[in-house]
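The structure appears below as structure tokens.
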Amino acid sequence: MHTLRIATRKSALALWQAEHVAALLRKVHPRLNVELVPMSTRGDQVLDQPLARIGGKGLFLKELEVAMLERRADIAVHSLKDMPATLEPGFAIGAILPRADAADAFVSARFARPGELPEGARVGTSSLRRAAQLRALRPDLDIRDLRGNVNTRLAKLDAGEYDAILLACAGLDRLGLGDRIRTRLQAPEWLPAPGQAAIAVELREGDMRIAELLKPLDDAETRIAVSAERAMNAALGGSCTVPVGAWCVVGERGLTLMGLVGDVASGQVIRARAEAALDGAAALGREVAQMLLDRGAGAFLGRD
Ligand SMILES: NCc1[nH]cc(CCC(=O)O)c1CC(=O)O
């Protein structure tokens, strides 16, 4: 019997996502033996500095990719939003699972929505995108960095360090913590990160046997939506050190992509939106990126 090994980070959310992929693979390939290979990454170890400063998204992938190259694992499971715009050479995405709720969550014991927060209230988030959008809504708030996995962040809220925190709904829902969500912050007013709430399965490029095993897990609609969002992000420079939000709706007739670039310091947010046919995701992403640049987003991206 063949064994397929899944490299995963050790956080509760990462393990849930890897187990989810394992369960789906066992279901579509009943004779396949699927095992998890949990490991910790640089991104999990360095918790005392803002993510944007310590080198970005590749941090969460490196150890998992080394495991695949050394054949200690065959695939790796990631949150797509944590993956860089371009993968390391030799790796590819073999499947993108159907998307969960891509909204961000407003979590607080005392307040039901951002508008209810008293002046100067402390809000925790490690995401520049969330901080910029919140500042645009409420310039008076005291927005503070908040790192750590989902349970650590909730514990810091419960300990009274913050009046509210912002997280991804998908992560809370997956961990059975959806009842902590007071408001789901949704498009078009509030945009998620490109690829948020989608789970991606990475494999060694050219590994056709594994690619075939992964194919039944792929969701065409999610793949189209996130490719528009990621193309937009890539055209803007694709780094996680700038606040970029993107949300693509796949309708019967075509795609609608909304994008924004924000500035945490000034609380300014630049928005753009365009439509395209179902087969035009990548070009649509580049078009919305260009619209954002034409409206002055370059100044926020550190180039013009
Ligand atoms: N950056 C960590 C991370 N990566 C993916 C998710 C949520 C799950 C998802 O978007 O698929 C989270 C937690 C969060 O942002 O609150």
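Order of listing sets the numbers, starting from 1, for every ligand and every atom in it. From a predicted model like this one, the values you see are computed outputs, not experimental measurements.
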Item to complete: With sequence neighbours left out, write down each residue that passes side chain to side chain donor-acceptor pair (under 3.5 Å) with Arg153, or none if nothing qualifies.
Response: none
Worksheet entry | Atom indices of ligand 1, in the order listed, that fall short of 4.0 Å to a heavy atom of Leu167 | 16 (O)
Item to complete: Closest by any non-hydrogen atom to atom 7 (C) of ligand 1: pick that one out of Ala100, Ala168, Cys169.
Response: Ala168
Worksheet item: Does Arg144 pair with Asp142 as a salt bridge, N-O distance under 4.0 Å?
Response: yes
Discussion item. Tell me whether Gln196 has any N or O atom under 3.5 angstrom from an N or O of ligand 1.
Written reply: no
Worksheet item: Which ligand 1 atoms does Ala197 reach within 4.0 Å, using its non-hydrogen atoms?
Response: 9 (C), 10 (O), 11 (O)
Worksheet item: Have Thr8 and Gln17 got a donor and an acceptor in their side chains that come within less than 3.5 Å?
Response: no
Discussion item. Does anything in residues 189-215 form a salt bridge (charged side-chain N to carboxylate O under 4.0 Å, His left out)? List the pairs, not counting sequence neighbours.
Written reply: Asp74-Arg204, Arg204-Asp207, Glu212-Lys215
Discussion item. Side chains of Glu229 and Asn233 only: does a donor on one sit below 3.5 Å from an acceptor on the other?
Written reply: no
Worksheet item: Among Met83, His78, Arg153, Lys81, which residue places a heavy atom closest to atom 3 (C) of ligand 1?
Response: Lys81
Worksheet entry | Sub-4.0 Å heavy-atom contact, Arg147 with ligand 1 | no
Worksheet, complete the sentence: Heavy-atom closest pair (Val288 atom, Arg273 atom, distance to 0.1 Å) is CG2-C, 4.4 Å
Practice prompt. Return the option from Arg99, Arg130, Arg174, Arg129 holding the heavy atom at the smallest distance from atom 8 (C) of ligand 1.
Written response: Arg174
